[in-house]
Amino acid sequence: MGTGEGEQREGGEKRMRLEPSEEMMYRRMDWKERLLLLFPLLGILASVGLLMIGAGRWRVYGVVIVGLAVCALMVTWVVYRGIQRRIMPLANCFLEVQRDCFVAVQPFWDGEYESCRIYFEEIEGKRGKEFYVRISGEGRSVVQRKERGRMMFVGSEGYDGERFGIVYRKIQERVPETINI
């Protein structure tokens, strides 16, 4: 997967295309599996705490152990659900810089993808290497996702950092100079 820097399109228009690596999704899948191992371990710890409470003699320690185990289970569950919601195929995702706009298709949440075609002259503001783009007015730019809006976050997750930096600089060059970068 590459940037496609300098590729020519049919109309003679130059474009730069960046496709994500699936390595990030595989890492998330590994984390998800590791978190699954914590559930039975924390359950055993809570059971030991309950046995200590039942013994009567170690009641205070048992309450502390059960409390810690339950809190750890809740945190683990929240992290697990967050990772699970973000595991999805990257097969058709990309970031492409064209002559007058950039186009992106990226994962959002729960199997939903978001896409955009944003014309450079309609960009109202952006910030950072992973950037939010706010679109002014009701121009030709389009952002499509579950929650429709005039804002798009474009992140480097799944992209080679060096290549993403090149794409970011290309976008930065083409945005009107009145925008604070």
Side-chain angles (χ1 to χ4, degrees), residues 1-7 9-11 13-35 75-181:
M1 324 242 179
T3 60
E5 183 173 5
E7 291 180 20
R9 289 184 97 181
E10 294 155 7
E13 177 182 316
K14 281 189 131 183
R15 69 182 176 128
M16 173 180 270
R17 185 180 176 103
L18 184 62
E19 295 178 5
S21 160
E22 294 199 353
E23 181 182 336
M24 185 62 74
M25 286 299 168
Y26 292 132
R27 281 191 205 148
R28 284 188 191 138
M29 291 165 67
D30 289 343
W31 269 103
K32 180 180 142 188
E33 290 174 8
R34 288 182 190 133
L35 287 172
V75 168
T76 304
W77 175 251
V78 169
V79 172
Y80 174 81
R81 285 292 298 152
I83 290 173
Q84 185 178 23
R85 291 179 69 193
R86 297 187 67 197
I87 294 177
M88 43 200 301
L90 295 174
N92 297 316
C93 296
F94 64 91
L95 176 61
E96 184 176 314
V97 180
Q98 298 176 351
R99 186 177 42 82
D100 59 345
C101 67
F102 76 90
V103 181
V105 176
Q106 60 189 11
F108 191 55
W109 288 102
D110 293 332
E112 296 285 329
Y113 292 85
E114 61 182 352
S115 62
C116 71
R117 175 176 297 275
I118 299 178
Y119 291 89
F120 296 118
E121 70 269 4
E122 295 178 7
I123 293 178
E124 189 175 289
K126 63 186 177 74
R127 62 185 168 118
K129 292 280 182 193
E130 293 184 337
F131 52 95
Y132 284 94
V133 178
R134 188 171 49 242
I135 307 164
S136 62
E138 293 294 324
R140 301 178 297 166
S141 296
V142 177
V143 176
Q144 294 177 334
R145 65 173 171 249
K146 207 174 195 178
E147 298 100 24
R148 298 183 58 84
R150 304 294 288 171
M151 182 92 90
M152 178 78 174
F153 174 74
V154 180
S156 63
E157 193 169 304
Y159 295 108
D160 177 305
E162 204 173 296
R163 291 182 179 159
F164 187 80
I166 293 169
V167 169
Y168 178 77
R169 283 190 293 282
K170 289 287 184 191
I171 291 172
Q172 191 176 26
E173 290 170 7
R174 295 178 182 177
V175 171
E177 291 184 22
T178 58
I179 303 304
N180 186 11
I181 299 172

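Along the sequence shown, residues are numbered consecutively beginning with 1. Keep in mind that this is a model prediction, so the values were computed, not measured.
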With respect to W31, which candidate in I87, I83, V79 satisfies the side chain to side chain contact (heavy atoms under 4.5 Å, CB included) definition?
I83
So which heavy atom on C101 is nearest to which on R117, and how close?
SG-NH1, 3.4 Å
Any donor-acceptor N/O pair, R174 side chain to Q98 backbone, under 3.5 Å
yes
Taking only residues two or more places apart in sequence or in another chain, which ones pass ring pair (Phe, Tyr, Trp, His ring centres under 6.0 Å) with F102?
none
Residues passing the side-chain hydrogen bond (donor to acceptor under 3.5 Å, both in side chains) test with R34, sequence neighbours excluded, are none
Interatomic spacing from CD in Q106 to OG in S115 - rounded to 0.5 Å:
9.0 Å
Checking W77 now: which residues fulfil ring pair (Phe, Tyr, Trp, His ring centres under 6.0 Å) with it, not counting sequence neighbours?
Y80
Across all chains, not counting sequence neighbours, the salt bridge (charged side-chain N to carboxylate O under 4.0 Å, His left out) partners of R27 are E23
Residues that R86 engages under salt bridge (charged side-chain N to carboxylate O under 4.0 Å, His left out), provided they are two or more places apart:
E157
Check whether any side-chain heavy atom of I166 sits under 4.5 Å from a side-chain heavy atom of R169, and report yes or no.
yes
Minimum side-chain heavy-atom gap N92-Y113 below 4.5 Å:
no
Please name all residues satisfying side chain to side chain contact (heavy atoms under 4.5 Å, CB included) with Y26, sequence neighbours left out, ordered by chain then number.
E22, M29
Drop me the distance from R85's CZ to W109's CH2, to the nearest 0.5 angstrom.
5.0 Å
Sorted by chain and residue number, the side chain to side chain contact (heavy atoms under 4.5 Å, CB included) partners of M25 (sequence neighbours excluded) come out as R28, M88, L90, P107
Distance-minimising heavy-atom pair for Y159 and L95
OH-N, 3.7 Å
Nearest heavy-atom neighbours spanning F120 and R99
CE1-O, 3.9 Å
Roughly how far, to the nearest 0.5 Å, is NZ of K170 from CD of E96?
13.5 Å
